[in-house]
Amino acid sequence: MDFPILSTLIFLPLVSSLFIFLSRGQKNNNSAIYISLFSSLATLILSLFVWYSMDYASADFQFLEEQSWINDFIKFKLGIDGISILFIVLTTLITPICIISCINSVKDRVKEFLIAILILETFMIGVFCSLDLVVFYLFFEAGLIPMFLIIGVWGGPRRVYSAFKFFLFTLLGSVLMLVAIIAIYWITGTTDVTQIYEIKIPKEYQNLLWLAFFSSFAVKTPMWPVHTWLPDAHVEAPTAGSVILAAILLKMAGYGFLRFSLPMFPLASEYFTPLIFTLSIIAIIYTSLVALMQDDMKKLIAYSSVAHMGYVTLGIFTFTKQGIEGSIFQMISHGLISAALFLCVGVVYDRLHSRMISTYGGLVNYLPKYSFLFIVFALAGLGLPGTTGFLGEFLVLTGTFQKNYFVAMLATFGVVLGAAYMLWLTKRVIFGVTKNDQIKNLKDVNKSEMIMLGILALLVILFGFYPVPLMETLNVSVDNLINNYETDIKIISLN
Amino acid sequence: MINNLNILLPEIFLTLSIFSILMIGVFVKNSFNLIFNLSSLIILLTIALILNGSNNVEKIFLESFTRDAFSNFFKILILVASLFVLNSSKNFIIDKKLAKFEYPIIILLSILGMFFMVSSNDIILFYLGLELQSLSLYILASIDRDNLKSSESGIKYFVLSALSSGLLLYGCSLLYGFSGSTNFDLIAGELGKDNTGAVFAMVFILVGLAFKVSAVPFHMWTPDVYEGAPTSITSYFAVVPKVAGLAVLIKFMFIPFSKILMEWQTIIIFISIASMILGAVAAIGQKNIKRLLAYSSIGHIGYALAGVATGVISGYESTIVYISIYVVMNLGAFSCLYLLKKDGEYKENISDLSGISKKHPILALSFLVILFSLAGIPPLGGFFAKFYVFTAVVEQKMYALAIIGLLTTVISAFYYLKIIKTIYFDDSIISFDNTKNKFAQFSIFISCSILLTFFLYPSVLSNVVDTLFLN
């Protein structure tokens, strides 16, 4: 067997968090920051290496690892394809950025914070690598523990309420998935995803199992009407927590739809498409309208996340190449953009300790660099051509038009609303008259903030103009997904 | 005959040692320390004797006593748990002025009773073992006799337990009447679906056993006794008799009642669901940690019984895995309580934990691990316990039981989170004394490391458990 590169990728952050734990005694936080930064960068480089060395032309799972695990029947199986590697790289990219951001924003219990972030990284990479339902569930749920602590310990005034809401909502959705996973084991005799793809789950079970998985993914995505935990969690979480939540945790559900719901329950997926379309459209239009009315910047971005994830679910369930590629692209792009927007809010929050839009105004006169970056991300968020935001939405809409004109039309209307709230936000925060005297004394972005936001801005624009590397990685895997889906539908409906 | 006695060697050794240390206790003054250490030694030696003996099935004394892998596993679990309970609570016992030499001896006596319970293959021997255990437990519950709450809990436990023992005995006599034998195997051969009297007997016996493991609706004593008894006794109550009670319950369902499965299955399903729901809901409002752990243990028994309710061997095995992990978690949780000492007083309220994460980070972290594990969140040990049970439950297509069970885990997660919230999110009020309770710290360490690393090799435990039902 080859070198277990995926396990290394997963457990490297965990091991380095152990090191930080052991260096608790020291008063100075620098060593902890260096260790975590170093290890997260190492993870990033390793993941880039994996991306570089994988074979895009093959739709098979690569870097397979298998270990017998729970008795003889469940294996600890890891492997990646073109879809998962993008999410892994997104995770490993966002984590060092979060660690840099906490240099400025976290003052209290820094080491514990870093440990939580690194443990969370382990679980997130694990989610995207796992090829076994139980392993997936393990990582998927385990992520709740560090996130609960991040929101609850380092969060804002209503942090307890938000942390509880986050934890209990997600757990409630997930336990049904656990029942479904166990049921799948007794139906097919395995929880190995690749084997389940081959075995094909009988018609009569598909709808119920799909609903059980949906209950978990819908909460995590989050889809309307179970999205209410997200604005609370985002608002109260510290900057780094919001960034991870928006950039990666939400993507687990979209990834789950692609990896599990679609290939394992094709018939049910088709059957429930109208439900998903309805919920997605409501999410896109309703939450965009809600976002318009927010006076809290973080809450506004949180609602915009719900709307953007609406495009993702819409695209996945079109079952077209454009739709699915667009969804994946939208997830990556939203991961970069929402992370950047939350960081932007974090930058001014660290200075003035207010998230209210009314506190700010006329920032452009005093913080030119900051304002430039903010505008770049806001424009990317509303889907300006030349940024990643445009490509994702455009592809999703192209895919949707092939399926359903009416839905596509409504979704396009959402794009307009998106532009409305983003531009209005920019107008109120960046431009306008400076009413607040404190703003005049603010310092512009410092070096570390510039690095984080600069990298993200570069990537947003780079992939906006030249999406080829991402698309090439995806291409074969998505083709394979759609082919299997179509043949499965034919086979199962014949039976 | 001499060969046969080898089978009984652990019991004989335990009995003789109890008599001898009782003599030492009577004739040597201030002998608590000596007796205490001797008791630990006796427990260790008994473990060694059991490990040294064979696991082959042997039935002696007219097949009323069985020694097999099943009973040996439970004996070792009981002994190890008692060893940890005793040693981690030593400082507590001394601080609370409970350091009487009878204390460890009574614990050993109750262990002896449980030995006969889990080894019994005959209702008379089973009943004698149960009574020996119960009598010891009555005394233990009220051992802090100058404390009103402790005496109250002792009396409460005695009255209710005596009632349940009476019902159990009545069930045993019915069983004898309708099957014509007291031997488990012979009873199993006699019982059938048309034997209505046996069903009555089964119900009475089940009531008695449900009381001993504190399953709803026979749980009423649990919160009061847990709260009233000194913490060292509570931790014993929470762990050891539950293990023995569950072992006997499994044995009853597996051997004598195996043919009336349809009849008892519904009852166990009801008891299981009721315990899970009550354990989850009633714990929410609790302010005392011991009371909360009482309700949580009721809930956990509910999950364990869900495995029994399947009525198949894989279900019983999952219950045994569950109870083993439950023991680990509860030993850790109670050991944490021994460290909550402020000016010589042990704190028991959840609000006392407020903000301890700042001043006692390691203790807080251990609490965190244990509580998340009790809540059944992966990747901790508690998740795997639930996973095994629900895998067995879903295998029998009992989807309703599985879904209700998992939904109650969400409700119960709420109160575990509330404690974690108190520890991590609230402002710190008090800082506890730096106790030198090395063994409590050691047992917390052991418990946490088992829970944290369980996901690496989850099959270690279940491989052992798989061998228990081979015969």
Side-chain angles (χ1 to χ4, degrees), chain A residues 14 21 24 67-74 76 108-109 111-112 115 119 122-123 126 134-145 148-149 151-155 159-161 163-164 166-187 191 208 212, chain B residues 314 317 357-358 361-362 364-365 368-369 371-373 375-380 383-384 386-397 399-414 416-418 420-426 455-463 465-466:
Chain A
L14 190 66
F21 181 73
R24 268 176 348 104
Q67 284 275 318
S68 64
W69 190 42
I70 302 183
N71 299 14
D72 297 328
F73 56 88
I74 291 169
F76 193 89
D108 185 29
R109 301 200 240 182
K111 277 173 197 150
E112 285 86 342
I115 291 174
I119 290 179
T122 288
F123 294 148
V134 180
V135 182
F136 171 78
Y137 183 83
L138 184 95
F139 286 122
F140 190 78
E141 283 293 282
L144 290 181
I145 300 176
F148 174 77
L149 293 174
I151 297 176
V153 177
W154 292 276
R159 58 183 200 268
V160 175
Y161 170 79
F164 272 65
F166 162 75
F167 195 98
L168 294 174
F169 256 68
T170 325
L171 188 65
L172 187 63
S174 303
V175 289
L176 290 178
M177 181 163 80
L178 182 60
V179 179
I181 290 174
I182 299 172
I184 288 177
Y185 174 70
W186 291 114
I187 292 167
T191 52
L208 277 176
Chain B
S314 64
E317 284 170 358
S357 65
K358 289 211 176 101
I362 301 286
L365 189 69
L368 180 88
V369 170
L371 289 169
F372 271 122
S373 180
I377 307 295
L380 302 169
F383 165 72
F384 289 94
K386 291 207 166 82
F387 180 77
Y388 279 112
V389 167
F390 287 113
T391 309
V393 169
V394 174
E395 185 189 8
Q396 301 305 311
K397 304 229 181 322
Y399 294 112
L401 181 59
I403 290 173
I404 294 175
L406 285 167
L407 289 181
T408 55
T409 63
V410 180
I411 304 174
S412 56
F414 175 72
Y416 295 121
L417 288 183
K418 248 176 60 180
I420 294 168
K421 175 220 143 205
T422 318
I423 296 174
Y424 272 88
F425 305 171
D426 289 357
F455 81 99
L456 292 176
Y457 297 102
S459 37
V460 171
L461 181 58
S462 61
N463 283 345
V465 173
D466 280 350

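Sequence lines set the chain letters: A, B, ... in the order given, protein chains first and strands last, and positions in each chain run from 1.
- A distance of 10.5 Å separates CD in Gln67(A) from CG in Leu456(B), rounded to the nearest 0.5 Å.
- The aromatic ring centres of Phe425(B) and Phe164(A) sit 6.0 Å or more apart.
- For the pair Ile70(A) and Thr391(B), the minimum side-chain heavy-atom distance is 4.5 Å or more.
- Residue Phe387(B) holds its CZ atom at 3.5 Å from CD1 of Ile74(A), rounded to the nearest 0.5 Å.
- Residue Ala163(A) touches chain B through its side chain alone, counting heavy-atom pairs closer than 4.5 Å.
- Most heavy-atom pairs under 4.5 Å with chain A: of the set Lys397(B), Lys418(B), Lys386(B), this distinction falls to Lys418(B).
- When all heavy atoms of Leu417(B) and Leu168(A) are compared, the pair lying nearest together is CD1-CD2, 4.1 Å.
- With a 4.5 angstrom heavy-atom cutoff, Phe139(A) does not touch chain B via any of its atoms.
- The residue among Ala413(B), Pro378(B), Ala402(B) with the most heavy atom pairs within less than 4.5 Å of chain A is Pro378(B).
- Heavy-atom pairs under 4.5 Å with chain B peak, among Leu149(A), Ile145(A), Val160(A), Leu178(A), at Ile145(A).
- With contacts defined as side-chain heavy-atom distances shorter than 4.5 Å, the pair Arg109(A)/Tyr424(B) qualifies.
- Ring centroid separation for the pair Phe76(A) and Tyr457(B) does not come in under the 6.0 Å cut-off.
- Proximity of Leu406(B) to Leu176(A): side-chain heavy atoms (C-beta onward) are nowhere separated by under 4.5 Å.
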* To do: Could you walk me through whether Phe390(B) and Val175(A) pass the side chain to side chain contact (heavy atoms under 4.5 Å, CB included) test, one step at a time?
  => CA-CA 11 Å; Phe390(B) 287 113; Val175(A) 289; over 6 Å; no

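- Contact count versus chain B (heavy atoms, under 4.5 Å) is highest, among Ser68(A), Ala142(A), Ser174(A), for Ala142(A).
- To the nearest 0.5 Å, the span separating NZ on Lys421(B) from OH on Tyr161(A) amounts to 14.5 Å.
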* List the steps, then state whether side chain to side chain contact (heavy atoms under 4.5 Å, CB included) holds for Val393(B) with Ile182(A). => CA-CA 9 Å; Val393(B) 169; Ile182(A) 299 172; over 6 Å; no

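- Between chain A and the options Tyr388(B), Phe455(B), Phe372(B), the largest number of non-hydrogen pairs under 4.5 Å is found for Phe372(B).
- Ring pair Phe384(B)/Trp69(A): centre-to-centre distance below 6.0 Å.
- A distance of 4.5 Å separates CG of Leu171(A) from CD1 of Ile377(B), quoted to the nearest 0.5 Å.
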